[in-house]
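Because only heavy atoms are used, hydrogens play no part in the values below, and waters and symmetry mates are left out as well, while side chains stay in. Below, chain A is the first sequence line, B the second, and so on; all start at residue 1.
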Amino acid sequence: MTELVSLKGIVKHFPGVLANDNVDFTLIRGEIHALLGENGAGKTTLMNILYGLYRPDSGEIYIEGRRVEISSPRDAIKLGVGMVHQNFKLIPSHTILENIILGLKEVGFIINYKKISEEIRKLAESYGWRINPNAYVWQLTAGEKQQVELLKLLYRDARILILDEPTSVLTPQECRILFQALRRMTKEGKGIIFITHKLDEVFAISDRVTVMRKGRVVITKETNKTDMSELAQYMVGRPVLFTIEKKESKPSGEAIIIKNLKAFNDKGVLALKGVELVVKKNEIVGVIGVTGNGQQELVEVIAGLRKAAEGSILIDGINIVNSSPDRIIKLGVAYIPPEPLKYSIAPNLTIVDNLFMKAYRYKPYSNGILINWKKIYKKADELIKNFQIVSPSLSTKAKSLSGGNLQRLILARELSGLIGDKIPKLIVAAYPTKGLDIGATEFVHKTLIGYSRKGSGILFISEDIEEALMISDRVAVMHDGRIVGIFKPGEVDIEKIGLMMAGVQVASAI
Amino acid sequence: MSIQWVEQVLQLTVQMGTVYLLASLGETYAERSGVLNLGLEGMMIMGAAISFIFSIAYGHLLAIFIAAIVGALMGFILSILAVDMKLNQVLVGLALTLLGIGLSGFFTFPEIRKNILLKLNPSLPEEMLLTQQAEKLPEIPIPVLSDIPILGKMFFSHNVLVYFSLILSILMWFILFKTRIGLTIRSVGENPSMADSLGVNIYMVRRATTIISGAFASLAGAYFFIGFHPFWREGVTAGRGFIALALVILATWSPLRAILGAYLFGGVETFQYRLQLFGLGAQSPYFLAMLPYIMTIITLIIISTESIKKKVGAPASLGIPYSREE
Amino acid sequence: MARTSTIPYIIKIQKRLYYSRKLSILTTFFAVIIAFGVAGLFFTIIGLNPLEVYSYIGGVFASPTLLLESFKRAIPIGLAALGLSIAFRMNFWNIGAEGQMYMGMLASTGIVLLHVYYGLIPDYLVLLLMILAAFFTGGLWCCLPAFLKAKMKVNEILTTLMMNYVAMYLVDFLIYGPWRDPKGYGFPLSVPFPEYSKLTVIFGEFAYGGLLLLSLTAVIVFIILRYTKLGFELKVVGEGVETARYAGINLSRVVTVGGFIGGGIAGIGGLTIVSGIIGRLRPRASPGYGYTAIIVVLLSALNPWLIIPISIFFGGLFVARDILQATLRIPEAAVEMYQALIFLFIVIGEFMKRYKITITRGGLDEYSMG
């Protein structure tokens, strides 16, 4: 049986989304199979199903020819399937050995440290890794931690390995070590599924590649029978371009100048590697690119929620790098963070509380120590009307609002000039329309365009190329912590955009 | 200030410290798996009360046994509340402590004691029904070893529970750090979702450790009463359960270091009453009494610093109920 | 195309999306009733008549003198609870109200001693200075753990608990030592407080003076929580550290100041014990008021107005305890047990509020990043 894994007709629904639409997928013994696609393409969902984190609505899973049910990662591991996520699940204060053998009944009552340590060392060596099993995990680099994650699976005799964007935390050197190890694994007959959005990796390591888009498999091909631009095309598709009624914008002075910005992400890896970008007032710049290339870190540094390691951000001539969020708010920067319920909304507080979460301390809503609730409630009424927020009353708790209404709330809070100048100088919006229905999305677009007309500079991050092309005056593509291209909508065709997003060098127009 | 005096003090130190040691051993396991048992004090005092009643009715052996069972039961209840129902561990722990203190308070009443004792053992003579005091566990000096000056009195002339506690600490240290079970317990406390994905049954592990902590706390109370100070009073354990909690932290969750800490606290307590002999005044014991707590606070601060946090520190999931949906 | 295997019935425990106020009140009510029931069951097993016990407890509220006593006890409890409501508002688990009260006792006694032994303070200023000193020391006592939490994430449950014991022993140290009344026949008691330093100054009776103080404090706490910038900031911090940072709130400042005020109010609670109830300082002056305050604040759902009546209820329970002890026929442990059961069932009730138990067939997976 050369087929290690066979997925047939996998269908998976989530509320409002068809994540996997009748997907077929096979993995052959000894191959590295790249799974390529943008965010929302469905590749991680598919693999989560294979790993037992989700259960498919319908479809069949065959492992080594046998039909199986996988209802949890425990089942998957027993069947020889292992997955390494982007977020490592390790215990930093334990040794490598202790992390690897956790839960294994074969270890016996008393742990024979010497024997197992030797086994692990030899196992690691067979893949080209040099590790000391008695080292503590907190001492390791990201690359070494990944090795531990892999060893966890290999020690359990995993024959099918799924890696989810493994190179996002690695240095180029570490990548090389990883690829070497993967090749050795395939020589043993193991099969590897390699989720990625980087085209160069596909060609560096894979034997076959499957491209997914919007929940469907677009194509499965042998890697040596295709090329980058073909894959880019498949990945990104041919969007239907329709433009909103938009007057030509006349950008005036600069709203924000970002020079050589470098910053680390939460895992200690350099996420911004020298971003250069200028957004003018009256202008909308959309930033596209696969999620995880530094967009989140970029907006956090601008908003003052993350420290920069190098570089400068000038607003009105003032370098705001590493300033406090409060100061940046006062300078006229509005920040619309992604995923409302994470921290930009306090779910147990009321709508009014949330509307004034930043503005409560400024005149006229408070003076000295006391808050003037009367003024706040009056203004809140106004905001609710202007931004069409639907809710039973002002004192409803935010957690009972729908996603669309929450986003309107955030827009109202950030954009309505509650603090200082009436119009924000710069609006930074990260994935503002994610998860919203058409009506809410349209509202967000109209609002942003409206403010850009009034004089704000708008920097907005989007996962959706069509959206970006539709409302931006200029579009920037972000890959691997840098802006790799910037152009006006219509100047560059879709394949080139796909290539840029996938990290391929393309001559670009600015 | 003779040799005898030193020997006596050391002996008492160990005897006093054993209360803390027993309780903290169980709690160490519970906290290593992520469960904070604030009900230690309640379970301890229940152990004392149970051992009081049952030692009069049936003798020492059964008293110890029943006390452990009752403690285990209370630990079981805590596990249901904290692990299955995922309630706030601080609150349920406090509630159980108050409950334990309340329940044990009933035994202060001679009439109630009489009722219960008669129900347990109708053949008890009258004076035993009304006594406030029980028979103390006999001291069993180990031949030869107990004749060594100083050390002999300190380690080898005690009752059976003290020996038990010392052997237990070594055993529990070994299990925690050298066996698969211990690794599992520690991992559940550090990263339960990782352990879960590798096949560990989080609920079972936490239930077991919580039951252990309850049983040992109760055992500590039983020891305190029939092994050390068999005179019943209301609130007889006087906050020692909370001291045991502090001890677990001071010992940074290690059963071996717990021995040191327990005897440190025991020593401080023993000295408290002897300080007056030095003419330091009646208030001096209280100054000493503060020391263990201040040391614990300092320990808490130290283990929260960045550099130390990585190597040694509270189990990452301590006090946080686990649920699979992330 | 075959369906995945038959999914059995499972008991699903789902988080409720929201719960109405009605549900809250209902669960609290049931908690108290069930506590009644379980306690009664226990009493019967022991051989006590539960109705007798409850009639004693009820009797406390029926008799005017005993009711007055209940008011007296309610004052330190209520003050501590008010202080706790500020701490809990910002998710600061202050178990240290007891210790903060002891520090308040300590400070106010210190002022009295300064006055009586050294004549450093004129009569009319004594009470005022006592209040200020109690507030300040109680505040400091809570401020330290709060600061440690804000700056270094040190677990405040453990630190505040430890500081309770330090405070308690500090008071013991002083009262067995330098602050012992030389004319006290060797008992560990301080000098009795002069009349004008007790809250009997108002209305001639501590209960009334104290209730006034309590109500005033409730008003102040209400104003702080509802109408000040700090109150708003406390709310947001309680929602989450990330959220507060995003809103531009200075976390360290808010937590430290909030802790100071909360601890300070508890400190004043301590003052009312030595100055109002006992009339002097002695060891173990508080029979656990600080811990009872935790139960009170939970029951009141951080609402300052509910704190007062609930404190009176628990004050009554303390009085009942003393009475039961005097009559000897029913152990005061009965009341303690009852208190503990109420606490336990309230906490369990929290569970019922937060989760909904349903029995279904299979279930939908949670959605996350595709």
Side-chain angles (χ1 to χ4, degrees), chain A residues 48 51-54 70-79 81-85 87-117 134-140 145 148-149 151-153 155-156 158 162 268 342, chain B residues 28 31-34 170-206 208 249 252-254 302-318 320 322-326:
Chain A
N48 282 338
Y51 191 51
L53 287 168
Y54 297 149
I70 307 181
S71 44
S72 76
R74 283 139 78 160
D75 292 347
I77 294 181
K78 269 194 229 143
L79 289 166
V81 179
M83 185 164 177
V84 177
H85 298 268
N87 287 319
F88 300 141
K89 276 187 172 174
L90 296 171
I91 299 177
S93 55
H94 286 184
T95 63
I96 295 182
L97 186 151
E98 291 175 326
N99 271 277
I100 293 178
I101 64 173
L102 176 60
L104 276 180
K105 298 208 167 68
E106 295 78 22
V107 169
F109 182 63
I110 300 183
I111 302 178
N112 187 339
Y113 282 99
K114 241 167 109 185
K115 182 170 88 136
I116 297 180
S117 177
N134 295 314
Y136 287 96
V137 169
W138 61 265
Q139 297 170 305
L140 304 178
K145 285 188 190 149
V148 177
E149 283 276 13
L151 282 170
K152 243 186 351 186
L153 304 170
Y155 195 74
R156 283 167 173 74
I162 312 169
K342 228 176 171 192
Chain B
T28 298
E31 291 195 13
R32 277 279 184 181
S33 77
I170 301 176
L171 208 67
M172 287 180 84
W173 173 83
F174 184 78
I175 294 179
L176 191 62
F177 289 106
K178 302 284 182 195
T179 68
R180 185 172 52 90
I181 293 182
L183 176 62
T184 306
I185 294 176
R186 285 185 291 135
S187 304
V188 167
E190 292 289 343
N191 192 340
S193 74
M194 175 206 183
D196 193 11
S197 70
L198 289 174
V200 173
N201 185 339
I202 310 286
Y203 296 96
M204 195 175 74
V205 171
R206 286 183 169 175
I249 302 167
T252 53
W253 296 271
S254 155
I302 294 179
I303 63 175
S304 297
T305 54
E306 274 311 310
S307 46
I308 307 276
K309 214 195 306 199
K310 287 187 271 208
K311 304 178 212 171
V312 109
S317 74
L318 182 60
I320 306 175
Y322 175 66
S323 51
R324 199 176 268 177
E325 58 208 0
E326 210 351 73

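Contact count against chain B (heavy-atom pairs under 4.5 Å) is highest for A:I91 among A:I91, A:V137, A:I101. Looking only at heavy-atom pairs under 4.5 Å with chain B, the residue among A:I110, A:V107, A:I111 that has the most is A:I111. For chain A, the option among B:G199, B:G182, B:A195 with the highest count of heavy-atom pairs below 4.5 Å is B:G199.
Here the CG atom belonging to A:N99 is positioned 9.0 Å from the CG atom belonging to B:L198, to the nearest 0.5 angstrom.
Residues B:R206 and B:S317 are in side-chain contact: their nearest non-hydrogen atoms beyond the backbone lie under 4.5 Å apart.
Pairs of residues two or more places apart, or lying in two chains, that qualify as salt bridge (Lys or Arg N to Asp or Glu O under 4.0 Å) and include a residue from residues 192-203 of chain B are A:R74-B:D196, B:D196-B:R324.
Looking at every heavy atom in both residues, B:R180 comes nearest to A:L104 through CD-O, 3.0 Å.
Contacts of A:I77 with chain B are made by side-chain atoms alone, with heavy-atom separations under 4.5 Å and no backbone atom involved. Within the 4.5 angstrom heavy-atom criterion, no atom of A:S72 approaches chain B. Proximity to chain B (any heavy atom under 4.5 Å) is restricted, for A:K152, to the side chain, taken from C-beta onward. Contacts between A:Y136 and chain B at a heavy-atom distance below 4.5 Å are absent for every atom of the residue.
Remark: B:T305 pairs with no residue by the side-chain hydrogen bond (donor to acceptor under 3.5 Å, both in side chains) rule, at least two apart or across chains.
A donor-acceptor pair is defined here as one N or O able to donate and one able to accept, closer than 3.5 Å; no such pair exists between the side chain of B:T252 and the backbone of B:I249.
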